[in-house]
Each structure stands twice: as C-alpha cells, then as structure tokens.
Amino acid sequence: MNKPQILIVEDDNAVANLISATLKTQDYAYKRAATGAGAVMEALSCKPDVVLLDLGLPDMDGVEIIKKIRSWSNMPIIVVSARSEDFDKVSALDAGADDYLTKPFSVEELLARIRVTKRRLLAIQSTNKSESVFVNGNLKIDYGAGCAYLSGEELHLTPIEYKLLCLLSKNVGKVLTHTFITQKIWGAAWESNVASLRVFMATLRKKIEPSADSPQYIQTHVGIGYRMIKIDD
Ligand code: CA
C-alpha cells in the first residue's frame, strides 16, 4: 500500500514545518500549500487521504476552501485553527469539515485525529460493502430491517431515537453540529429543535450507553454537537 498522503494547508511556516516533521516520522507522505488557491489546486491534483486545513489564510477563508473541495470530493478535512470561538468550528463543520483541532495542539493529538479520520473512512467503506448492517462495538444496526441491537438484544427506540442513531452511525467518527442534526431529523434548525435534540439524545443514551458518566458511543461537544465514536475491534 502507498503511504497515506496528507495535504498540509498552513501559511505559518513554523507550524507547517512542525506538522511536516511530525508526519515524516510517522511515515506519512505530505504536500504543503500556504494559500487557499494553492490548497484547492493540490487537493485536485494530488487527491490527498486527509487535508489539514488552517482556517485563516491570506487569500481565502478556510470555510470557502471546504465548500470548494466539498463540491467535488468527500476527502476527509481536519480543520486546524487558532480561532478558539465555537462559531468558526461550527461553520467549518457545517461546510463539511470532518473534525477540528484548536491551536496550540500536541503532536499526539494531531496524530490521533488523523488515525480517527482514517478509521472512519475504512468503517464507511466496509459499511458500503456489507450494505445494510452497521457494527460498532456491541452496537449493531440493521438499516434494512430498521432495527438496532445492543449486545444481541433488540433496542426499543422511538422513531426519532432510531433516526438519530442512524444519522450518527452513518457519520461515525465525525462531529455533527446541532444545525446539521436538527435539519436532518426535523427539516429545520430552529432553536427549539436544538432543545428537543438534547432531550432525545438523553433518552437515546440511556438506552445504549452502559454508564451515563462515561459514554462509550456518543461524545458531546459542548456548544457544537455530537459524535459517534468508532470503537476498536
Ligand atoms: Ca493562518
């Protein structure tokens, strides 16, 4: 197999050097771009396995780059941003980014995010192959039959809980924003729907999480959204 190719989009040379050096030690291949236009060109020509994208670039806003790439590709995009405001993360995720890292971050954190993103791709590819059954840890969803199971026992879910579980599972490993989820479930992202989402998420978790204090399947990103964690086999 070829080395996984990572596209580093970063206008700060010191940060780009640090990331490239880290990737090199882990046997990843990489390309670099320091502008938005360069990033879009590299994404088109070298078809990277993962894009690490700085949001603040001299010529283009990172969110615009995500929208451009998403118009023709589903390649994983991890936003690497100095902006700590939730608003930026939310607009990047809504535009189609897969995950985010806030600067300053540790090398371990960066590598962990890349691994999660790669696992997510593999999980999606294998789900497509076996078509209608999703398995993650002790959780199993038979999309065709419309049933979900935990450790072999059928879960008794309400239609909305089931819809939520399917949506999270089909995007396993990816942070889904409140806006994205409420739009998919109710067709609109009203503030009242975000409140309902919290309620349904709580009831769903009661049914699938072994312990309320340390959730295994669904992670909360405060002020942003939720993610289903891919559990290692
Ligand atoms: Ca920058």
Side-chain angles (χ1 to χ4, degrees), residues 2-121 171 173-181 189 219-227:
N2 289 335
K3 287 181 183 181
Q5 173 96 248
I6 316 278
L7 174 60
I8 306 163
V9 184
E10 175 62 73
D11 62 334
D12 182 332
N13 243 327
V15 177
N17 286 342
L18 171 74
I19 297 176
S20 346
T22 305
L23 293 179
K24 222 172 178 173
T25 63
Q26 302 295 316
D27 225 25
Y28 287 108
Y30 62 85
K31 292 264 171 154
R32 278 166 65 160
T35 60
V40 173
M41 220 175 66
E42 286 291 355
L44 266 169
S45 62
C46 77
K47 301 203 170 50
D49 296 294
V50 178
V51 181
L52 295 176
L53 178 69
D54 175 27
L55 281 186
L57 293 164
D59 60 330
M60 216 187 272
D61 190 82
V63 173
E64 286 310 307
I65 300 171
I66 298 168
K67 287 182 187 159
K68 279 190 201 294
I69 294 178
R70 280 290 170 265
S71 66
W72 50 269
S73 167
N74 279 322
M75 63 178 67
I77 302 174
I78 303 175
V79 164
V80 182
S81 171
R83 309 176 195 178
S84 53
E85 294 90 356
D86 287 342
F87 176 76
D88 294 309
K89 291 173 190 161
V90 170
S91 28
L93 291 165
D94 277 336
D98 293 80
D99 203 351
Y100 59 85
L101 262 176
T102 306
K103 291 177 191 170
F105 53 87
S106 71
V107 162
E108 289 74 26
E109 224 181 323
L110 170 68
L111 294 173
R113 295 303 169 93
I114 294 176
R115 282 195 299 271
V116 165
T117 308
K118 277 169 49 200
R119 274 213 299 275
R120 177 186 157 245
L121 264 191
N171 293 280
K174 182 171 173 173
V175 180
L176 303 180
T177 64
H178 295 139
T179 308
F180 179 86
I181 299 173
Q219 219 175 40
T220 301
H221 289 246
V222 177
I224 295 176
Y226 300 93
R227 154 167 42 205

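We count residues from 1, following the sequence as given. Just so you know, ligand 1 is whichever comes first in the structure, and atom 1 is the first atom listed for that ligand.
Scanning all heavy atoms of the two residues, the minimum distance from K3 to Y28 falls at CD-C, 4.5 Å. When all heavy atoms of A16 and E10 are compared, the pair lying nearest together is N-CG, 3.8 Å.
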N/O donor to acceptor pairs below 3.5 angstrom from side-chain atoms of residues 35-44, sequence neighbours left out:
residue, atom, partner, partner atom, Å
T35, OG1, G38, N, 3.0

* Begin from the C-alpha positions of D98 and R70 and carry the test salt bridge (Lys or Arg N to Asp or Glu O under 4.0 Å) through to its verdict. => CA-CA 11 Å; D98 293 80; R70 280 290 170 265; 3.0 Å; yes
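Between the D49 side chain and the Q5 main chain, a donor and an acceptor come within less than 3.5 Å of each other. Distance alone, capped at 3.5 Å, is enough to place a donor-acceptor pair between the R227 side chain and the G173 backbone.
Nearby protein atoms of type N, O or S around the Ca ion (ligand 1) amount to 3 (distance under 3.0 Å).
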